[in-house]
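The next block holds one structure in the form of structure tokens; read it before the comments.
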Amino acid sequence: MIEARHLRVLRAVAATGSFSAAGRELGCTQPAVSQQMKALEASVGTPLLIRSGREMRLTQAGEALVRHAAGILSGLTAAEEEVAAIAGLRAGRVRLVSFPSGSSTLVPTALAALRAAHPGTRVSLEEAEPPKSVELLREGDCDIALAFRYERATGTGDAEPAGEGEWDDLVVRPLLTDRLVALVPERHRLARTGPSGSVAIGDLAAEPWIAGCPRCRGQLVQVCESAGFTPRIDFATDDYPAVVGLVGAGLGVAVLPQLAIESVRPRGARAVTLEPAVRREIVALTLPDLAQVPAVSATLEQLGRAAARLG
């Protein structure tokens, strides 16, 4: 194993022609230079210097190593500078995966603040719903995953956390709790409820439904069944604007997270409060080692601040 400090000593010896002169240049003693040269020769397994009286010259192996030493040491210096830049947030990269309503609400505010504070940090964004986003994180294909999990409906008006233990191997940064709201056509009988009122999900039992992503669809069925009915799902789409458009056209009703409503202008549709409350927990996830990376830590911090503004 060739050590960088030994290469620096070899270059100094080659440049000055003696151990004592090399020591003066490097700020160390002549015996220390001699010991390091012996260690280097032991590492490479061949003599690097020929000593004749007060004269000293390089062997062929020594000449070859000195020739390569400049490139090795300059490359190491460049690497040290790049790592220092990343550690100091003057550079760095973060790969972020988010679900769509997070991408349109939390992410823009967080990344704008991150760029203003640390313009050298670059963030890439890819969209995926959980559990796919969490799989990408565990497989090393992203650094931060925005994810959510729903409370489990109990049928008693209460709820309890769902998916306990599913993220035990990850660092979990709670961001906000997102309440689900019912979305009905603006001419619907329940649209007159107004922002101060609420509807029970059972009041929508006879309606045709527009469902969202697979995880949201499963949650919808669970909540409806806990209220004593199975929803008749006429349409299903992962696209929140499409859900709003279908409801606005009078083709059915839907239940959407409040965060999704924040990112879509619900033309022709009216959001009404749903009782009992159904909520989902929104979090930012990363791996324990990644949480120590300055750029990742800074991104998590800005996501937290963006969530606080929405909350």
Side-chain angles (χ1 to χ4, degrees), residues 74-149 163 166-179 213 215 238-241 256-265 279-311:
S74 63
L76 181 60
T77 298
E80 290 172 342
E81 290 177 352
E82 184 173 348
V83 169
I86 292 170
L89 285 174
R90 299 191 306 275
R93 180 194 67 172
V94 178
R95 297 167 299 166
L96 175 63
V97 172
S98 173
F99 53 93
S101 59
S103 298
S104 59
T105 53
L106 289 168
V107 171
T109 302
L111 296 194
L114 182 69
R115 176 172 290 183
H118 308 291
T121 299
R122 300 297 179 190
V123 181
S124 62
L125 175 63
E126 180 180 343
E127 285 195 342
E129 299 273 358
K132 178 61 178 177
S133 57
V134 183
E135 292 174 9
L136 291 171
L137 176 63
R138 289 194 173 110
E139 291 169 1
D141 293 323
C142 72
D143 304 308
I144 297 174
L146 282 189
F148 60 84
R149 57 185 172 191
E166 65 177 324
W167 298 331
D168 284 352
D169 59 322
L170 304 174
V171 174
V172 181
R173 173 70 181 262
L175 296 178
L176 56 86
T177 299
D178 191 21
R179 181 168 178 160
C213 71
R215 190 164 189 164
D238 293 351
D239 185 52
Y240 287 134
L256 288 180
Q258 183 66 45
L259 203 62
I261 302 296
E262 296 282 346
S263 62
V264 179
R265 186 175 181 181
R279 302 178 180 88
R280 63 176 184 171
E281 178 190 10
I282 295 177
V283 301
L285 304 172
T286 191
L287 296 170
D289 288 342
L290 285 172
Q292 308 304 314
V293 175
V296 172
S297 177
T299 305
L300 290 172
E301 180 64 24
Q302 293 300 343
L303 286 167
R305 292 180 181 179
R309 293 189 190 99
L310 281 177

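For the numbers below, each heavy atom of this structure counts, side chains included, while hydrogens, waters and symmetry mates do not. Everything quoted here is computed from the prediction, not taken from an experiment.
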Nearest heavy atoms of [X] and [Y], plus distance in Å:
X	Y	result
L136	A128	CD1-CB, 4.2 Å
L137	I144	CD1-N, 4.2 Å
P130	R215	CB-NH1, 3.3 Å
A147	V134	CB-CG2, 4.1 Å
T109	R309	CG2-NH1, 3.2 Å
L300	A284	CD2-CB, 3.7 Å

Is [X] reaching over with its side chain to a backbone N or O of [Y], donor-acceptor style, under 3.5 angstrom?
X	Y	value
S297	V293	no
R90	H118	no
S104	S101	yes
D178	L259	yes

key: Check: E281/T177 side-chain N/O donor and acceptor closer than 3.5 Å   = no
ask   = Do I282 and L106 pass the side chain to side chain contact (heavy atoms under 4.5 Å, CB included) test, and can you show the C-alpha distance, the side-chain angles, and the key distance before you say yes or no?
value = CA-CA 10 Å; I282 295 177; L106 289 168; 4.1 Å; yes
Flag side-chain contact, heavy atom, 4.5 Å: [X] against [Y]:
X	Y	result
R280	P257	yes
I261	Y240	no
V283	L146	no
S124	L96	no

Carboxylate-amine/guanidinium contact R149 E166, below 4.0 Å = yes
query = Would you call D169 and R138 a salt bridge, taking side-chain N to carboxylate O under 4.0 Å as the test?
reply =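 The answer is yes: the pair qualifies as a salt bridge.
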query = Has E80 got more than 12 heavy atoms of other residues, nucleotides or ligands less than 6.0 Å from its CD?
reply = yes
inquiry  = With a 6.0 Å cut-off (strictly less than), is the heavy-atom count around CZ of R115, excluding the residue itself, greater than 12?
reply    =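 No.
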query = Out of V123, T286, L111, which one pairs with V94 under the side chain to side chain contact (heavy atoms under 4.5 Å, CB included) rule?
reply =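 Only one option passes, and that is V123.
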